[in-house]
Amino acid sequence: DVKVTQSSRYLVKRTGEKVFLECVQDMDHENMFWYRQDPGLGLRLIYFSYDVKMKEKGDIPEGYSVSREKKERFSLILESASTNQTSMYLCASRAQGGNTEAFFGQGTRLTVV
Amino acid sequence: AQSVTQPDIHITVSEGASLELRCNYSYGATPYLFWYVQSPGQGLQLLLKYFSGDTLVQGIKGFEAEFKRSQSSFNLRKPSVHWSDAAEYFCAVGLGGGGADGLTFGKGTHLIIQP
């Protein structure tokens with residue numbers, strides 16, 4: 001069974017902390033994504049990566065960075081967490097080709113206090 | 001840029017009744033279309049997808065969707081809903097590139113099932 005695993009289901013962090021959200025996929029997919037989900041706004045793309053060490057900004061990259069040192073792992077970094085980054089974060093991976101579906105992790109609900 | 005519109009934020013349906021969730025997209029060419037479902041506190045699960053060919057596609061859990069090019073629509077249907085169908089439903093569009101671009105999602109429709 002294909003799997004995208006996010007390291008934490010729930011996180012509570014303090015304002016100003018550096019936060020790491022980890023995502024691992026076991027499908028050998030080239031493409032990985034980080035989305036943020038907020039009520040009434042749907043899913044918004046933060047960053048994506050199409051290869052190791054490659055990254056591209058999505059629609060809302062401000063306040064975030066990413067790291068992809070290995071093909072299977074894609075990390076989202078909040079350099080200095082703020083309360084407006086309280087949200088559900090979803091990681092996804094996708095094989096090459098436009099006609100491929102995205103597979104999602106279970107999500108990490110981050111609360112910044 | 002492509003966009004996806006789900007006009008209904010909430011829909012309430014009685015158990016056993018039929019369901020149709022609307023999705024309209026904006027894109028210059030024929031996109032790749034997806035419907036995902038999200039149960040509370042969970043990630044997204046693919047229900048079905050359309051790439052080409054037959055415009056009526058079947059998915060899991062008894063769902064189907066019909067692609068209508070003339071209306072730029074990809075509506076999701078189910079003949080008879082079950083209480084377990086209560087969830088958030090997302091329509092998404094993908095471009096015809098190499099897959100490196102993320103899918104663009106609608107804002108979702110929250111489905112409530114009445115007993």
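All chains are named by letter (A, B, ...) in the order of the sequence lines, taking the proteins before the strands, and each is independently numbered beginning at 1.
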Check your understanding: Is the shortest side-chain N to carboxylate O distance from A/Lys53 to A/Asp51 below 4.0 Å?
Key -> no

Point to revise | Side chains of A/Asn31 and A/Gln96, donor plus acceptor under 3.5 Å | key: yes

Review point. Do any N or O atoms from the side chain of B/Gln71 and from the backbone of B/Lys68 form a donor-acceptor pair under 3.5 angstrom?
Key: no

Check your understanding: Do any of residues 107-115 of chain B come closer than 4.5 Å to chain A, heavy atom to heavy atom, and if so which ones, in number order?
Key -> B/Lys107

Review point. Taking NZ, NE, NH1 and NH2 as the nitrogens, is one of them in B/Glu64 or B/Lys78 under 4.0 Å from a carboxylate oxygen of the other?
Key: no

**Study point:** Identified side chain to side chain donor-acceptor pair (under 3.5 Å) counterpart of A/Tyr64 within the set A/Tyr89, A/Tyr47, A/Trp34
**Key:** A/Tyr89

Check your understanding: Is it the side chain or the backbone of A/Leu43 that comes within 4.5 Å of chain B heavy atoms, both, or neither?
Key -> both

**Study point:** Salt bridge A/Glu79-A/Lys18, side-chain N to carboxylate O under 4.0 Å
**Key:** yes

Check your understanding: Just wondering, are more than 12 heavy atoms of other shown residues or ligands nearer than 6.0 Å to CZ in A/Arg44?
Key -> yes

Check your understanding: Which residues in residues 35-62 of chain B have a heavy atom less than 4.5 Å from any heavy atom of chain A?
Key -> B/Tyr36, B/Gln38, B/Gly41, B/Gln42, B/Gly43, B/Leu44, B/Leu46, B/Lys49, B/Phe51

Practice item. Describe, in one word, how the ring planes of B/Phe105 and A/Tyr35 are oriented to each other, choosing from parallel (under 30°), tilted (30 to 60°) and perpendicular (over 60°). Key: perpendicular

**Study point:** Proximity breakdown for A/Arg109 and chain B, heavy-atom pairs closer than 4.5 Å
**Key:** neither

Exercise for review: May I ask you to decide if A/Gln37's main-chain N or O and A/Ser87's side chain share a donor-acceptor pair within less than 3.5 Å?
Suggested key: yes

Exercise for review: Please state whether the side chain, the backbone, both or neither of A/Gln106 comes within less than 4.5 Å of a heavy atom of chain B.
Suggested key: both

Exercise for review: Tell me whether A/Phe48 is reachable from A/Met88 by hopping between hydrophobic residues (I, L, V, M, F, W, Y) whose side-chain heavy atoms are closer than 4.5 Å.
Suggested key: yes

Check your understanding: Can you find a side-chain donor-acceptor pair between B/Ser73 and B/Asn75 that sits under 3.5 Å?
Key -> no

